[in-house]
Amino acid sequence: MKHTARAFWLRSPGQGEIRDEHFAAPGDAEVLVRTLYSGVSRGTETLVFSGRVPENQHKTMRAPFQEGEFPAPVKYGYLSVGRVEEGPDALVGRNVFCLYPHQSRYVVPTSAVTVVPESVPAARAVLAGTVETAVNALWDAAPLVGDRIAVVGGGMVGCSVAALLARYPGVRVQLVDADPARADIAHALGVDFALPGDALGECDLVVHASASEQGLVTSLGLLAAEGTVVELSWYGDRRISLPLGEAFHSRRLTIRSSQVGTVSPAARPGRTYADRLALALELLADARFDALVTGECAFDELPDVLPRLASGEVPGLCHRVRYAAE
């Protein structure tokens, strides 16, 4: 078995390249994974690609198997699905998910991979990291039966949250986005859709994931008295302004942060990162999540495609990268 690979590196902000990599054979507690697919996170990863990670967040934003340092050169990414080629007998031949950058083969500890259930296609499993974020957000948000809920921002995370909320009994769920093309995705996920000016108000809960100042302002405006906005957006190095005068205090509104880097304290005691990821993969047995994959390219095309994803020239949600058999 050859122990070489090809990996995508950010050479400098806005410029990527594919490099050859060499690695040692796996040890007793390691696995060798051949990548089948990886996914591009349009939020965090495009900020990294553009060199927009604030210096004070360099440590916090490190991916588990990142190499190099921000802003560049750096090997970054965390949505990888592959097949175990070497390792324990119980794992060889199984499809696994790993928080690894875009690379054709890699060796990691066995504890770093999560088996993809047989009911989940490998091509869909690249969404596991995003659905894991949505699971954590809903643990933080703790929606109740019958709640009136809006999800503002129809990107990967917002749509994943909406898809999970569609399973809650008795709730009113509306996906709100400025792009009318998101309506088809909302309907595929089983939730209603509205443009910001048409969204239903008096919400008990609003989940904000648009990563825009206007989106957060819209979220506040949709709340009922004593309602809560759960903020999932990460703004990188941008500052935003909010109308915290007006009726913010008299209506006793709340803005609450949610971030996947920590398991929500609202989860059942003892839940671990591994538990959360395994749950996300189980939830991906639902074929409706296929609506979130809106583009695909070959691995060799990634240096040309990522700049277009970061600029918005290539629209859509999750962009999937496929790897040729070696």
Side-chain angles (χ1 to χ4, degrees), residues 42-44 130-183 185-187 189-236 238-267 292 317:
R42 283 181 177 266
T44 303
T130 306
V131 174
E132 183 185 8
T133 300
V135 167
N136 205 61
L138 292 181
W139 282 348
D140 280 333
L144 300 176
V145 172
D147 270 356
R148 299 157 297 182
I149 305 172
V151 179
V152 177
M156 285 176 63
V157 172
C159 284
S160 295
V161 170
L164 296 183
L165 283 170
R167 301 178 175 203
Y168 277 68
V171 298
R172 184 192 82 190
V173 185
Q174 196 170 49
L175 181 66
V176 180
D177 197 277
D179 182 359
R182 294 286 192 266
I185 294 173
H187 295 153
L189 298 176
V191 299
D192 292 334
F193 175 82
L195 297 171
D198 301 324
L200 298 174
E202 292 300 301
C203 292
D204 305 293
L205 170 68
V206 177
V207 179
H208 178 237
S210 80
S212 70
E213 177 179 308
Q214 186 53 53
L216 185 49
V217 172
T218 295
S219 298
L220 286 170
L222 294 176
L223 288 176
E226 301 198 356
T228 298
V229 171
V230 174
E231 174 61 279
L232 297 184
S233 300
W234 188 63
Y235 298 90
R238 289 179 292 143
R239 291 181 178 271
I240 62 169
S241 299
L242 295 177
L244 299 185
E246 303 178 4
F248 180 78
H249 288 286
S250 64
R251 303 183 71 217
R252 297 175 59 83
L253 305 181
T254 298
I255 303 175
R256 180 176 183 180
S257 170
S258 178
Q259 207 274 337
V260 73
T262 301
V263 174
S264 170
L292 304 189
L317 300 179

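Model, not experiment: these values are computed from the prediction.
Rounding to the nearest 0.5 Å gives a distance of 7.5 Å between OG of Ser233 and CG of Leu216. Interatomic distance, OG1 of Thr133 versus CG of Leu138, reported as 11.0 Å (0.5 Å rounding). Taking SG of Cys203 as the reference point, atom CG of Leu220 lies at 11.5 Å (rounded to 0.5 Å). Residue Arg182 holds its CZ atom at 14.0 Å from NE2 of His187, rounded to the nearest 0.5 Å. Atom-to-atom distance recorded for Ser241:OG and Gln214:CD is 11.5 Å, nearest 0.5 angstrom. A distance of 11.5 Å separates CD1 in Ile185 from CE in Met156, rounded to the nearest 0.5 Å.
When the salt bridge (Lys or Arg N to Asp or Glu O under 4.0 Å) test is applied to Glu213, no partner is found at least two apart in sequence or on another chain. Under the salt bridge (Lys or Arg N to Asp or Glu O under 4.0 Å) criterion, Asp147 pairs with no residue, sequence neighbours left out.
Taking each heavy atom of Pro143 and Tyr168 in turn, the nearest pair found is CG-CE2, 3.4 Å. When all heavy atoms of Gly215 and His208 are compared, the closest pair comes out as C-NE2, 3.2 Å. Of all non-hydrogen atoms in Val191 and Ala162, the two that sit nearest each other are CG1-O, 3.5 Å. Contact between Ala141 and Leu205 at its shortest, heavy atoms only, is CB-CD2, 3.9 Å. Of all non-hydrogen atoms in Trp139 and Ala267, the two that sit nearest each other are CE3-CB, 3.4 Å. Heavy atoms only, all atoms of each residue included: Leu317 and Gly154 are closest at CD2-O, 3.1 Å.
Taking the side chain as every heavy atom from C-beta outward, Thr228 and Leu223 never approach each other to under 4.5 Å. Counting heavy atoms from C-beta outward, Leu195 and Asp179 have side chains that stay 4.5 Å or more apart. When side chains are defined from C-beta on, Leu222 does not count as touching Val229, because their heavy atoms never get closer than 4.5 Å. Contact annotation: the side chain of Val151 approaches that of Leu165 to within less than 4.5 Å [non-hydrogen atoms, C-beta and beyond]. A 4.5 Å side-chain heavy-atom check between Ile149 and Gln174 finds every atom pair outside the cut-off.
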### Message
Go through it in stages, so that I can follow the logic: the residues are Val145 and Val171, the test is side chain to side chain contact (heavy atoms under 4.5 Å, CB included), and I'd like the CA-CA distance, side-chain angles, deciding distance and then a yes or no.
### Response
CA-CA 6 Å; Val145 172; Val171 298; 5.9 Å; no

### Message
Before you tell me yes or no, could you show the steps for Asp204 and Leu144 under side chain to side chain contact (heavy atoms under 4.5 Å, CB included), namely the whole-Å CA-CA distance, both residues' side-chain angles and the distance that decides it to 0.1 Å?
### Response
CA-CA 9 Å; Asp204 305 293; Leu144 300 176; over 6 Å; no

### Task
Go through Cys159 and Leu175 one step at a time and tell me if the side chain to side chain contact (heavy atoms under 4.5 Å, CB included) criterion holds.
CA-CA 8 Å; Cys159 284; Leu175 181 66; 4.0 Å; yes

### Task
Determine, step by step, whether Asp177 and Ser210 satisfy the side chain to side chain contact (heavy atoms under 4.5 Å, CB included) criterion, reporting the C-alpha distance in whole Å, the side-chain angles of both residues, the deciding distance to 0.1 Å, and the verdict.
CA-CA 8 Å; Asp177 197 277; Ser210 80; 5.8 Å; no

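The list of side-chain hydrogen bond (donor to acceptor under 3.5 Å, both in side chains) pairs with a residue in residues 252-265, not counting sequence neighbours, reads Asp140-Ser258, Asp140-Ser264, Glu226-Arg252.
If you check the side chains of Glu132 and Thr130, you find no donor sitting under 3.5 Å from an acceptor.
With hydrogens and angles ignored, the 3.5 Å screen pairs no side-chain donor or acceptor of Glu231 with any backbone N or O of Ile255. Between the side chain of Arg238 and the backbone N or O of Ala211 there is at least one donor-acceptor pair closer than 3.5 Å.
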